[in-house]
2 protein chains.
Amino acid sequence: MDQLAQAAALYYRNFAAVAAERDLTLMQGKMLSLLRRPMPMRALADLLACDASNVTGIVDRLGARGLVRREADPSDRRVKMVMLTEEGEETVRQIRSELMSNLTGLESLGEEDRHAFQRLLSQVLPAVST
Amino acid sequence: MDQLAQAAALYYRNFAAVAAERDLTLMQGKMLSLLRRPMPMRALADLLACDASNVTGIVDRLGARGLVRREADPSDRRVKMVMLTEEGEETVRQIRSELMSNLTGLESLGEEDRHAFQRLLSQVLPAVST
DNA sequence: TATTGTTATACTCTATAACTATA
DNA sequence: TATAGTTATAGAGTATAACAATA
């Protein structure tokens, strides 16, 4: 229990540090990481667990830096799809690779331990859609 | 790796929800939880991984609600010790107990799985002091 | 000189409420 | 009527820089 708290703290401290190196806030880094494919603003709000009105500002700031862009959805003209630009894609690649190399603990595990870890997490994570 | 991200997201989502029920922000809840014993402002800044100037405001707001108080340190008159009030202690007890009951996953594990989990976490947590 | 805590400042995140344009 | 996104607003977190008091 305390270990879960520490693991969570470690993960976010690491994530925030990696993002900060690129002048990104935690939320900006999270949003970029979520955009594996184009997504409506609304979906981003759900995944980031924040109000839809906040997404406007975050996308604005990332857009001003050329990391994401909005595009109209032909099938529903209310919807705006958000997607990474080329530069955004590259930034996400860098973040992911640095996250990996900072948290090498899991990668250095044997097969058996890794499976035990995943089994345990699946019990603790009944309702996570991220 | 992705599982660690999900576990961290789950933990903080749960923590923030429990804190919000008591009209506390995530940082306010974190600070209360850290105050197992009186602590200088400076130590809180280190544990919360934020600038010392932020601690002033957070302690101010918690103090205005009667959950913490400052006290002079006789041995170094620059230092102010922050400690929980009686109401603060009770709030922390409630938060802890609700966190536990929400994340029952770990508690329901068998001995073997629990040990595997702790062994894994200890590999991922080389530098966590919280 | 260095450290502790505060203040001032500017920016970001946050929820709420009111608005528009679509559906 | 309901939904997607925006805007306005107020409160909270954030780092930086400058400051007073103390070491």
Side-chain angles (χ1 to χ4, degrees), chain A residues 9 12-35 38-65 67-83, chain B residues 9 12-35 38-65 67-83:
Chain A
Y12 275 116
R13 204 174 306 176
N14 181 36
F15 191 100
V18 169
E21 285 174 20
R22 290 160 183 77
D23 276 305
L24 295 168
T25 65
L26 181 63
M27 287 305 284
Q28 289 168 352
K30 273 191 191 178
M31 182 177 285
L32 290 182
S33 299
L34 286 173
L35 286 171
M39 212 176 279
M41 311 276 288
R42 180 75 226 171
L44 285 169
D46 291 340
L47 291 173
L48 293 171
C50 71
D51 191 84
S53 63
N54 302 323
V55 176
T56 300
I58 302 175
V59 170
D60 281 351
R61 286 182 279 274
L62 289 175
R65 292 179 51 180
L67 298 176
V68 304
R69 59 190 169 85
R70 292 169 166 93
E71 199 160 293
D73 179 348
S75 70
D76 185 340
R77 288 163 59 195
R78 295 173 302 179
V79 172
K80 291 178 187 166
M81 303 295 282
V82 184
M83 60 194 68
Chain B
Y12 275 116
R13 205 174 305 176
N14 181 36
F15 191 100
V18 170
E21 286 175 20
R22 289 160 183 76
D23 275 307
L24 294 167
T25 66
L26 181 62
M27 287 305 286
Q28 291 168 349
K30 273 191 191 178
M31 182 177 285
L32 290 182
S33 299
L34 286 172
L35 285 172
M39 214 176 276
M41 311 275 290
R42 180 76 225 171
L44 285 169
D46 291 341
L47 291 173
L48 293 171
C50 72
D51 192 83
S53 62
N54 302 323
V55 176
T56 300
I58 301 175
V59 170
D60 281 350
R61 286 182 277 274
L62 289 175
R65 292 178 52 179
L67 299 175
V68 303
R69 58 190 170 87
R70 292 170 168 92
E71 198 160 293
D73 180 348
S75 69
D76 184 339
R77 288 164 56 194
R78 293 173 303 182
V79 172
K80 290 179 188 167
M81 303 294 283
V82 185
M83 61 194 68

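A note on names: the letters A, B, ... follow the listed sequences, proteins ahead of strands, and every chain is numbered from 1.
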Given atom [atom1] of [X] and atom [atom2] of [N], what is their separation to the nearest angstrom?
X	N	atom1	atom2	result
A:N54	D:dT7	CG	C1'	12 Å
A:D51	D:dT6	CG	P	12 Å
A:R65	C:dC11	CZ	P	15 Å
B:D60	D:dG11	CG	C1'	14 Å
B:D46	C:dT4	CG	P	9 Å
A:L26	D:dA15	CG	P	12 Å
A:Y12	C:dC13	OH	P	15 Å
A:M41	D:dT3	CE	P	18 Å

N/O (side chain, [X]) to phosphate O (OP1/OP2, [N]) under 4.0 Å:
X	N	result
B:K30	D:dG13	no
B:T25	D:dG13	yes
A:R78	D:dT3	no
A:R70	D:dT6	yes
A:R61	C:dC13	yes

(request) Take A:D76 and A:C50, find for each the nucleotide of DNA chain C with the closest heavy atom, and name the residue whose nucleotide sits nearer the 5' end. (result) A:C50
(request) Identify, between A:L48 and A:S75, the residue whose nearest nucleotide on DNA chain C lies closer to the 5' end. (result) A:L48
Proximal nucleotide (of [options]) relative to the [X] side chain:
X	options	result
B:S53	D:dG13, C:dA8, C:dA23	C:dA8
B:Q28	D:dT22, D:dG13, C:dT12	D:dG13
A:K80	D:dT6, D:dA23, C:dT7	D:dT6
B:P40	D:dT6, C:dG5, C:dT22	C:dG5

(request) State whether the distance check finds a donor on one side and an acceptor on the other, under 3.5 Å, for side chain B:R42 versus base C:dT4. (result) no
Of all the heavy-atom pairs spanning [X] and [Y], show the shortest one and how long it is.
X	Y	value
A:A52	A:R42	CB-NH1, 3.6 Å
B:M39	B:L34	CE-O, 3.3 Å
B:R22	B:R65	O-NH2, 3.0 Å

(request) Among A:V68, A:I58, A:V59, find the one that has a side chain to side chain contact (heavy atoms under 4.5 Å, CB included) with A:Q28. (result) A:I58
(request) Output the distance between atom CG (B:N54) and atom CE (B:M41), rounded to the nearest 0.5 Å. (result) 10.5 Å
